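First comes the structure, then the notes that go with it.
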Amino acid sequence: SFEAMKKGAFASMATGQNFKPLWSQHWVKVVIAAAQLRTANLFLHWDVDGAESLVCEESGSLVQGMSCKRKELKVSANSPDEDLVYYIQVSCTGLFGAGNNGMIQPPDESKVYRLNKAHLFNRDQNKYAVFMDLSVMYDIAKEVSDDSSLCYDALYAANEIINHITLNNHSPDAYKKAQQMGKKFLSSGEGDKSRDTIHAIANCHIDSAWLWPYR
């Protein structure tokens with residue numbers, strides 16, 4: 001049980017730690033000191049060779065899944081005066097199974113998953129917002145037909161943002177202004193919603209006998 005796991009003995013570990021064998025499950029206890037929790041926009045970067053991981057609170061409540069596609073967790077503490085404890089379950093399998101040199105292959109029974117990164121970092125939210133806006137503009141320019149002026153409008157807006165940041169020596173105020181520029185394009189004017197409609201469609205399925213062979 002989860003409570004029994006918490007009472008177990010935990011050994012110290014560091015980056016470079018290996019997890020094996022294939023299909024096995026491992027628990028990692030992460031303790032974040034109260035002093036670190038006072039930092040704004042604190043994130044945990046967690047990367048175990050793309051192995052699937054599940055972050056749990058000390059109470060057992062699930063927080064977030066981690067994988068090769070998602071390696072960052074926004075740290076959220078109930079009290080800034082107490083250490084924060086996470087328990088991370090590491091599963092020795094990847095997001096797309098454990099096929100040998102490819103997805104649709106027999107599993108690589110010798111596969112070892114290595115802890116590549118496990119550290120805290122502070123994210124500048126203004127810079128990150130600008131990065132995300134530029135990513136959307138790039139996708140618009142790449143995916144929208146050349147026949148549409150929106151393709152070129154996106155390139156122009158992105159170029160203006162980059163020029164503004166560069167000419168203002170990457171100052172904090174430059175990123176705040178750049179964020180406003182991105183918002184203007186994506187919400188009105190050149191980025192008028194009436195021109196194009198974006199549909200976000202998601203699905204979930206488990207191919208147990210394809211990606212995760214059973215014994």
Side-chain angles (χ1 to χ4, degrees), residues 1-37 39-77 82-125 127-128 131-132 135 138 202-215:
S1 68
F2 186 80
E3 291 301 320
M5 175 278 298
K6 288 168 56 178
K7 295 176 182 178
F10 290 86
S12 298
M13 58 179 289
T15 53
Q17 173 76 36
N18 289 328
F19 296 90
K20 59 180 182 179
L22 193 64
W23 317 120
S24 60
Q25 309 286 322
H26 306 265
W27 283 98
V28 178
K29 183 178 181 180
V30 177
V31 181
I32 303 175
Q36 294 174 297
L37 296 173
T39 302
N41 300 315
L42 189 65
F43 286 78
L44 169 66
H45 188 130
W46 180 261
D47 176 19
V48 188
D49 266 348
E52 292 191 297
S53 301
L54 181 63
V55 184
C56 303
E57 294 179 343
E58 195 168 15
S59 64
S61 298
L62 307 184
V63 179
Q64 178 183 304
M66 310 283 267
S67 68
C68 60
K69 298 292 186 180
R70 193 176 193 184
K71 302 178 182 179
E72 299 173 357
L73 168 70
K74 177 73 167 67
V75 176
S76 180
E82 299 178 3
D83 292 350
L84 176 65
V85 177
Y86 285 131
Y87 289 93
I88 303 179
Q89 183 186 41
V90 178
S91 300
C92 287
T93 180
L95 185 63
F96 299 105
N100 191 2
N101 296 321
M103 289 196 302
I104 310 177
Q105 296 289 340
D108 182 2
E109 298 288 352
S110 64
K111 174 70 175 177
V112 175
Y113 291 88
R114 181 180 184 273
L115 178 60
N116 296 318
K117 289 185 178 181
H119 69 264
L120 297 170
F121 70 94
N122 171 259
R123 171 179 287 163
D124 186 312
Q125 292 299 89
K127 291 181 179 179
Y128 184 71
F131 169 75
M132 295 304 297
S135 298
Y138 170 77
N203 78 304
C204 176
H205 65 278
I206 300 176
D207 300 302
S208 59
W210 171 37
L211 300 179
W212 296 274
Y214 57 86
R215 299 172 181 173

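Everything quoted here is computed from the prediction, not taken from an experiment.
Distance check: Leu120 CG to Leu42 CG gives 5.0 Å after rounding to the nearest 0.5 Å. In this structure, OH in Tyr86 is found 14.5 Å from OG in Ser53, a value given to the nearest 0.5 Å. Rounding to the nearest 0.5 angstrom, the gap separating the CD atom in Gln36 from the CG atom in Asn122 is 12.0 Å. The CE atom of Met66 sits 9.0 Å away from the CG atom of Asp47 when rounded to the nearest 0.5 Å. The NZ atom of Lys29 sits 6.5 Å away from the CD atom of Glu58 when rounded to the nearest 0.5 Å. Going from atom CH2 of Trp23 over to atom NZ of Lys111 covers 11.5 Å, rounded to the nearest 0.5 Å.
A donor-acceptor pair is defined here as one N or O able to donate and one able to accept, closer than 3.5 Å; such a pair exists between the side chain of Asp83 and the backbone of Ala34. Between the side chain of Asn41 and the backbone N or O of Asp124, no donor-acceptor pair lies under 3.5 Å.
The shortest distance between side-chain heavy atoms of His26 and Cys92 falls below 4.5 Å.
Considering all non-hydrogen atoms of both residues, Val90 and Trp46 come closest at CG2-CZ2, 3.9 Å. For Pro107 against Leu22, the heavy-atom pair with the smallest separation is CB-CD2, 3.9 Å. Among all heavy-atom pairs drawn from Phe43 and Gln125, the shortest one is CE1-OE1, 4.1 Å. Across all their heavy atoms, Ala14 and Leu115 have their closest contact at O-CD2, 3.8 Å. Here the shortest heavy-atom pairing between Ala77 and Leu37 reads CB-CD1, 3.7 Å. Here the closest non-hydrogen pair linking Glu57 and Phe2 is O-CZ, 3.5 Å.
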Apply side-chain contact (heavy atoms from CB on, under 4.5 Å) to the pair Ile88 and Leu73, showing each step before the final yes or no. CA-CA 12 Å; Ile88 303 179; Leu73 168 70; over 6 Å; no
Are Val28 and Phe19 close enough, and set up right, to give a side-chain contact (heavy atoms from CB on, under 4.5 Å), and what steps lead you there? CA-CA 11 Å; Val28 178; Phe19 296 90; 4.0 Å; yes
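Ring planes of Tyr87 and Trp27: perpendicular class, angle over 60° (limits at 30 and 60°).
Each salt bridge (charged side-chain N to carboxylate O under 4.0 Å, His left out) pair with one or both residues in residues 1-24, not counting sequence neighbours, appears once here: Glu3-Lys6. Contacts classified as side-chain hydrogen bond (donor to acceptor under 3.5 Å, both in side chains) and involving residues 63-76 (residues at least two apart or in different chains) are given here: Gln64-Arg70, Glu72-Arg123.
Remark: Asp108 engages Ser110 in a side-chain hydrogen bond (donor to acceptor under 3.5 Å, both in side chains) (not counting sequence neighbours).
Remark: the Ser59 side chain and the Ser61 side chain contain an N/O donor-acceptor pair separated by less than 3.5 Å.
Within a 6.0 Å sphere centred on OH of Tyr138, heavy atoms belonging to other residues, nucleotides or ligands number 12 at most. Within 6.0 Å of the CZ atom in Phe131, the count of heavy atoms belonging to other residues, nucleotides or ligands does not exceed 12.
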